[in-house]
There are 2 protein chains.
Amino acid sequence: MLNGMARWEPGAPDRLQEAAYELYTERGYDATTVAEIAERAGLTKRTFFRHFADKREVLFWRSERVTELVVEAVEGAPADVGPFEAASLGVVAATEFLNDRRPFSQRRHALISANPELQERELIKMARLSGSVAEALRARGVAEVEAAMAAEATMAAFRVGWERWVEPTETRSFTEVAREMLDGLRAVAAA
Amino acid sequence: MLNGMARWEPGAPDRLQEAAYELYTERGYDATTVAEIAERAGLTKRTFFRHFADKREVLFWRSERVTELVVEAVEGAPADVGPFEAASLGVVAATEFLNDRRPFSQRRHALISANPELQERELIKMARLSGSVAEALRARGVAEVEAAMAAEATMAAFRVGWERWVEPTETRSFTEVAREMLDGLRAVAAA
DNA sequence: GCGTCGATGGCACCCAGTGTCATCACCTCG
DNA sequence: CGAGGTGATGACACTGGGTGCCATCGACGC
């Protein structure tokens, strides 16, 4: 037993995530072992893997919340708006959620952009989100390919907007930035 | 020494890649160990990692060739076409290259779509490709954000087209499919 | 033939991730 | 209040990806 207090202290995943963020920031992702994370949280390696599928997943914990928000927004879009507009409402919902969490987002972005493995994980998360959006669009009656295109295109705008928004020099809200990107996408595609 | 013949036989990476494809197909990616791949190629695990950064990379070997073709196409686009059109020419170049390689592409796609780890790798490859396209666009004088948007959007069309093209029921060329997707993107964004 | 050099083998090692079983705290029920 | 059940954790062994290090081998120039 490493720490008599910690074993039955509640919130194991939270403590593990916090410890992971700390260590990843202090020493970098690569230089941190799962055993060290667990130790700082007063737990063991084995327990870490009971709560998180792998060493990367701890950084993406609860990100499904964003997916839910986006899907709900798409599903709740007015019946008369087209697929691109509906998907855009999903993107906007995500940005509104993230607007309050800019410092956290920046910190997380710094960690992820410093490591290819983490970028891969982020990319597949976004791809799955795109898939969920496409599915929600199909549920609205949008054709297969059209749904996929609208979802992928708006996600592209989201990605580009994200990269911009986390920049320290950017003063606007994520929502504003994303709207600019969505409009920019329209303009670029129309040209 | 596992195989007296193989050690100094030329083309170690080729043999390793072929062995990997065989084993991944026969037993699946997860159920295959690097040691097994190396053994079938008449080499050792250590040598495998001298030629490929990791177990996944062997499936993406020489995919930089596509990147080169795409970038060249974008750079060689007429000076008067807009960023979206220029990027589209890059996508078309990629499809033309892949048109001859449909069976290989389908086999590769089957492997990748069966495994999340491999999907992650594929996604980051595409993201890097998108980055290269954006850079080529900027070299043409396109503004930062506009370049990123055009690159991401056309890559989205490429991805959706790809998923469609590898379908056995699809009879058209990749180039045709991609053009439809690029047009579809225009239509969807304009709506 | 002799030395150089790049590619390979062999080995030890670290760490991510898993299967299995024992253990512990808490809860319920008699 | 004590017995048994339950879920979370610890402990341990094990597989496999990936790396560092050095010995070795084969080709090639001299």
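Values below: all heavy atoms of this structure, side chains included; hydrogens, waters and symmetry mates excluded. Note on naming: letters A, B, ... go to the chains in the order of the sequence lines (proteins, then strands), and numbering restarts at 1 for each one.
With sequence neighbours excluded, the residues that form a side-chain contact (heavy atoms from CB on, under 4.5 Å) with A:Asp30 are A:Asn115, A:Glu117. Residues passing the side-chain contact (heavy atoms from CB on, under 4.5 Å) test with A:Ala19 are A:Ile37, A:Arg40, A:Ala41, sequence neighbours excluded. Checked against side-chain hydrogen bond (donor to acceptor under 3.5 Å, both in side chains), A:Glu120 has the following partners two or more places apart in sequence or in another chain: B:Arg56, B:Arg121. With sequence neighbours excluded, no residue forms a side-chain hydrogen bond (donor to acceptor under 3.5 Å, both in side chains) with B:Arg128. Every residue was checked against the side-chain hydrogen bond (donor to acceptor under 3.5 Å, both in side chains) condition with A:Lys55, not counting sequence neighbours, and none meets it. Shown here are the ring pair (Phe, Tyr, Trp, His ring centres under 6.0 Å) partners of A:Tyr29, two or more places apart in sequence or in another chain: A:Tyr24. Looking at residues two or more places apart in sequence or on another chain, you find a side-chain hydrogen bond (donor to acceptor under 3.5 Å, both in side chains) between B:Glu180 and B:Arg172.
Residues in residues 66-104 of chain B take part in these ring-ring contact (aromatic ring centres under 6.0 Å, His included) pairs, two or more places apart or across chains: B:Tyr21-B:Phe104. The side chain to side chain donor-acceptor pair (under 3.5 Å) analysis of residues 129-138 of chain A, with sequence neighbours excluded, yields the pairs A:Arg138-A:Glu144.
For D:dT9, neither phosphate oxygen OP1 nor OP2 lies less than 4.0 angstrom from any side-chain nitrogen or oxygen of A:Thr47. Phosphate contact (OP1/OP2 of C:dG9, side-chain N/O of B:Thr44, threshold under 4.0 Å): present. The shortest distance between the side-chain N/O atoms of A:His51 and the OP1/OP2 oxygens of D:dA8 is not below 4.0 Å.
Direction change of the helix axis from one end of the helix from C:dG1-D:dC30 to C:dG30-D:dC1 to the other is 10°, with five pairs defining each end axis (rounded to 10°).
Contact annotation: the side chain of B:Met155 never approaches that of B:Val70 to less than 4.5 Å [non-hydrogen atoms, C-beta and beyond].
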For nucleotides 16-22 of chain D, 5' to 3', base contacts (B), sugar-phosphate-only contacts (S) and non-contacts (-) with protein non-hydrogen atoms under 4.0 Å give SBBBBB-
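One atom, CD of A:Glu57, and another, P of C:dT18, lie 12 Å apart when rounded to the nearest Å.
Listed in residue order, the members of residues 109-121 of chain B having a heavy atom less than 4.0 Å from DNA chain C come to none.
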